[in-house]
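Here is how names work: the chains are called A, B, and so on, in the same order as the sequence lines, proteins then strands, and each is numbered from 1. Keep in mind that this is a model prediction, so the values were computed, not measured. When reading the values below, keep in mind they use all heavy atoms of this one structure, side chains included, and skip hydrogens, waters and symmetry mates.
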Number of protein chains: 4
Amino acid sequence: MTESGSDGTLRRRILDATRYLLVAEGYASLSMRKIAREIGCSPTAIYLYFQNKDALVHTLIDEGFGLLYEELREEAARHADPVVRLEALWRRYVAFGRRNPEYYEIMFMLHPERMERYPPEKYRRARRCLELSIQALEEGRRQGVFVVENPRVMASAAWAALHGAVALLLARRVDIRIDPEAFIDTTIRTLLRGVLAPDASLQPASK
Amino acid sequence: MTESGSDGTLRRRILDATRYLLVAEGYASLSMRKIAREIGCSPTAIYLYFQNKDALVHTLIDEGFGLLYEELREEAARHADPVVRLEALWRRYVAFGRRNPEYYEIMFMLHPERMERYPPEKYRRARRCLELSIQALEEGRRQGVFVVENPRVMASAAWAALHGAVALLLARRVDIRIDPEAFIDTTIRTLLRGVLAPDASLQPASK
Amino acid sequence: MTESGSDGTLRRRILDATRYLLVAEGYASLSMRKIAREIGCSPTAIYLYFQNKDALVHTLIDEGFGLLYEELREEAARHADPVVRLEALWRRYVAFGRRNPEYYEIMFMLHPERMERYPPEKYRRARRCLELSIQALEEGRRQGVFVVENPRVMASAAWAALHGAVALLLARRVDIRIDPEAFIDTTIRTLLRGVLAPDASLQPASK
Amino acid sequence: MTESGSDGTLRRRILDATRYLLVAEGYASLSMRKIAREIGCSPTAIYLYFQNKDALVHTLIDEGFGLLYEELREEAARHADPVVRLEALWRRYVAFGRRNPEYYEIMFMLHPERMERYPPEKYRRARRCLELSIQALEEGRRQGVFVVENPRVMASAAWAALHGAVALLLARRVDIRIDPEAFIDTTIRTLLRGVLAPDASLQPASK
DNA sequence: GATGAATGAGCGTTCATTCAT
DNA sequence: AATGAATGAACGCTCATTCAT
């Protein structure tokens, strides 16, 4: 359930049409007219619910972060073991990006100048996602299974790695000879091996 | 060294102005008219040197891949040890991206639709960059210092990780409390630890 | 009677301004911007009523064929005698062309490339105009007053002759020493004499 | 032999390339750049031989009228009998138009505003073509085989009819179910029957 | 709660032409 | 005899947005 309810209200239909168009044609060619055409209303109508195009997109970004956090939080709650939990979080992140390319594009692939008007307090929500990884890393470090200097930096670096994988996959920039699953798997297992204490036995991926 | 040197020719000034605008405003808002305004010529003049906007951007992409490959090749030649070499290649890649955000954006952050008209033979040049990493991985594996199932997939995954780091840094999406150098360092060291054989002693980064 | 009457609606004013410009400057130099300037609106406004330039012109072409067919049908209905009727149709055609040079230009003087996107069903309407002549020729042949091998070909040939006369008059390519009325009259009477049975007495033109 | 010789001089090549482009793409999309590209010289070079685009086209128009007149004069000289001669002239006119669509387009199908700058004395040359028909009509009238009030008007009317046939054929506006040869034949025979004295036996077309 | 009418800015691109060399 | 460099004007069209209703 998203923050604005999933009723058939025009506001909701605008958001959904926007998501559809983001998947179908990408952010670059997203236009108010197209959104309006998609749902059969006038372009003006959109302005009744969103101050402007940016506000509309920002709303979607918020939704996206809400969804992502929910998924990650749920995943984190499911695994007591920090190693298992960390891997699960990472896999979930990648899965989210691949399953929701439209959210992913505006959440993480928009250019900085596009984000300038994005209210900074919203970023805090984005950061909460990272906290889950940080916690797992800290827990694991305390248990001696992770070797990590700075959990926050490590979590960010791992997130960057996952982001790179998702971004290249979505942009279809990965060599077609490479199986996407193997690609993701290699990324995650390499990261895991990179943070695990040398004597910690590397358990098989719970794929 | 680019193909035409840095003489004051209009063609060169167009390319430079384009690079400047790419850094300053991003690809999305790049326009022929802005380029012309930037260098104080008429928009028409650009068409004397480039068939159209795509051709202009493609020229820059070529330049970028030329530069990157040159840097990586030089770096690869400098280090006999595959471990040292791999780390050097990775560091160089990140450095290139951070030093040349404009090239990086059009080389790696453009959406596929934008690239459709990019001549496929040019991609070969792009892939050669990856080959250098693959070779290092293969060599290291033969020497028993790397544990890698599929070097090509591993090289791609590592590239994706580095790309993610560069992309987030350029987009200023990394938490400001995190020192970029530590962020990069952690990324690279984690990757390295992830591919190194367990008994191989991890030497300190030669940074 | 056109489909939307002659109210002062912007749509109508666009169509009228276009017609004016077609007369004043010809199709070749017709531009959306000029139309907008002519009626004092922004070029964008035109796109509220017509999908693009072609659609605008096609609308006028439709109007033109509507008008012409109406005139010819009415004329045909007025005359029982096929000889009188045929001459009346011919005169009416020429009169239409001279009275509506703007319609005539886009209806009959546009190059085929321009028409490619013109929906083919619309052409049927154009052909119905010819059918009226064909019917008159067939009737007259049955009555023995016309000597015609193939009425459809004959009707086309006569139409071509009339078209030539109209086209040259509109283009002011006819020697100025020649009275346009005499020119038209000669064309039509010659055609008539050319199709009449030898023994049919040629009545004076009912001009 | 045209007035400017048919050597391989650049001037000649420009004229030929222009003719080629007129056939291939039509007057509307004729451009100096395309002409230059076609013959592999710079657009500027054209201006060494022709003051501007209009002058270039006017030169071709002159050539066209020269060719047409030559053909018609030769044809006229071949036939003593005015009836035969007139038909021959008409057929030759149509043949010229169909054989030289590029000349025909600029000679007879250009819009009036395009011709404004065409030097009026050149029109006299165009009119000489008509004189040949007028003479045939006058001769035939003196011999009692033609019934013509005003030969000049009649010649113009017949020319208009032929022009209409050629124009519609070139523009492919004639119903595809109609055989072009039959179409032309009908036009000419109808005209002929229209001017022949009632008792003059109509000889079969020398098709 | 929603629309219709309209705009100003901007886009990539093409054109005929000029001028210095 | 010919070119290279450059321009100003124009083109069709799309966009985000506003305003009156």
Any C:Ser31 side-chain nitrogen or oxygen under 4.0 Å from OP1 or OP2 of F:dG12: yes
Audit row: C:Glu105, C:Leu170, side chain to side chain contact (heavy atoms under 4.5 Å, CB included) steps and yes/no: CA-CA 9 Å; C:Glu105 172 161 15; C:Leu170 293 185; over 6 Å; no
Side-chain (C:Lys53) to main-chain (C:Leu30) donor-acceptor, under 3.5 angstrom: yes
Sugar-phosphate, base or nothing in reach of A:Ile35, heavy atoms under 4.0 Å: nothing
B:Leu10 side-chain proximity, nearest of E:dA2, F:dC11, F:dA6: F:dA6
B:Arg37 CZ to F:dA6 P, straight-line distance once rounded to whole Å: 19 Å
Crowding at CD, C:Glu121 (>12 non-hydrogen neighbours, <6.0 Å): yes
Value in whole Å for how far the C1' atom of E:dA16 lies from CD of D:Gln51: 13 Å
Distance in angstrom units between A:Phe50 CZ and E:dG1 C1', rounded: 15 Å
Among E:dA9, E:dT13, F:dT3, the one nearest D:Ser42 by side-chain distance: F:dT3
Which residue lies more 5' along DNA chain E, comparing B:Lys34 with C:Ala45 via nearest heavy atoms: C:Ala45
Along DNA chain F (nearest heavy atom to each residue), the more 5'-positioned of C:Arg33 and B:Pro43: B:Pro43
Whole-Å gap separating P (F:dA2) and OH (D:Tyr47): 17 Å
Separation of atom CG in A:Leu56 from atom C1' in F:dC15, rounded to whole Å: 15 Å
Interatomic distance, C:Ile39 CD1 vs E:dA6 C1' [rounded to whole Å]: 12 Å
Sugar-phosphate, base or nothing in reach of D:Ile46, heavy atoms under 4.0 Å: nothing
Touch class at under 4.0 angstrom, heavy-atom based, for A:Tyr49 against every strand present: sugar-phosphate
Close side-chain approach of C:Leu10 and C:Ile39, heavy atoms under 4.5 Å: yes
Nearest-Å distance for atom pair CG/P, residues A:Leu21 and F:dC15: 11 Å
Closest listed nucleotide, where the reference is the side chain of C:Asn52 and the choices are F:dT17, E:dT13, F:dC13: F:dC13
Expected output: side-chain A:Asn52 to main-chain A:Asp54 donor-acceptor under 3.5 Å: yes
Given E:dA2, F:dC11, E:dC11, the nucleotide with the shortest approach to the side chain of A:Leu48: E:dA2
For F:dG8, the Watson-Crick or wobble partner whose two distances fall under 3.5 Å: E:dC15
For E:dT3, the Watson-Crick or wobble partner whose two distances fall under 3.5 Å: F:dA20
Rounded interatomic separation in angstrom, taking CG from A:Asp54 and C1' from F:dT17: 13 Å
Check against side chain to side chain contact (heavy atoms under 4.5 Å, CB included), A:Ser29 and A:Lys34: CA-CA 9 Å; A:Ser29 74; A:Lys34 279 186 192 165; 3.7 Å; yes
Proximal nucleotide (of E:dA5, F:dG4, E:dT17) relative to the A:Thr44 side chain: E:dA5
D:Met32 side chain, from C-beta outward: closest of E:dG12, F:dT3, E:dA16: E:dA16
